[in-house]
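We're numbering straight along the sequence, starting at 1.
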Amino acid sequence: QVQLVESGGGLVQAGGSLRLSCAASGRTFSTYGMGWFRQAPGKEREFVGGISWSGRTTSYRDSVKGRFTISRDNAKNTVYLQMNSLKPEDTAVYYCAAALYGSSSVSRDDYKSWGRGTQVTVSS
């Protein structure tokens with residue numbers, strides 16, 4: 001079982017930046033894709049972006065394309081979410097998740113392990 005711990009959330013003004021980190025336990029981190037999801041109050045958890053096991057393939061939801069960047073460091077068992085030009089609508093709890101496969105997926109059902117989340121609040 002993979003254990004995931006997110007960090008880096010906080011309060012930021014609109015237009016600002018945050019970098020989230022997700023540290024994974026276990027020696028097989030480099031074999032599976034990773035995803036970032038978010039959940040705002042009263043809304044369903046949604047896919048933000050994902051990265052393949054090698055880091056060569058990334059994908060994003062349309063609303064964050066050009067503003068968010070996912071990367072990973074397999075030597076450190078860590079995946080990152082760099083968030084720039086933040087908007088109030090980005091406010092949510094952000095979760096990282098370990099995929100069942102080497103690629104990421106937009107479907108929550110394709111992830112085997114989840115972190116507890118980190119709060120991101122963007123003020124206007």
Legend entry - Pair Phe47 and Tyr60, ring centroids less than 6.0 Å apart: no
Inset, instruction - Would you mind reporting whether Ser105 and Tyr111 have side-chain heavy atoms less than 4.5 Å apart? - result: yes
Legend entry - Pairwise salt bridge (charged side-chain N to carboxylate O under 4.0 Å, His left out) hits with a residue in residues 69-88, at least two apart: none
Inset, instruction - Apply side chain to side chain contact (heavy atoms under 4.5 Å, CB included) to Ser30 and list each qualifying residue two or more places apart in sequence or on a separate chain. - result: Asn74
Inset, instruction - Kindly state whether the ring of Phe37 and the ring of Trp114 have centres lying under 6.0 angstrom apart. - result: yes
Inset, instruction - Using modelled atom types only, decide if a donor and an acceptor are shared between the side chain of Ser52 and the backbone of Thr57 within a distance under 3.5 Å. - result: yes
Legend entry - Nearest heavy atoms of Val79 and Phe29, plus distance in Å: N-CZ, 4.1 Å
Legend entry - Contacts of Gln3 that satisfy side chain to side chain contact (heavy atoms under 4.5 Å, CB included) - sequence neighbours left out: Ser25
Show me the donor-acceptor pairs within less than 3.5 Å that the side chains of residues 7-22 make with the rest of the protein, sequence neighbours left out.
{"unit_1": "Ser17", "atom_1": "OG", "unit_2": "Asn84", "atom_2": "OD1", "d": "2.9"}

Legend entry - Exam field: side chain Glu6 to backbone Cys96, donor-acceptor pair closer than 3.5 Å: yes
Legend entry - Side-chain donor-acceptor pair present, Gln119, Thr121, cut-off under 3.5 Å: yes
Inset, instruction - Output all residues satisfying salt bridge (Lys or Arg N to Asp or Glu O under 4.0 Å) with Arg38, sequence neighbours left out; order by chain, then residue number. - result: Glu46, Asp90
Inset, instruction - Would you mind listing every salt bridge (charged side-chain N to carboxylate O under 4.0 Å, His left out) that reaches into residues 92-114, with sequence neighbours excluded? - result: Glu44-Arg108
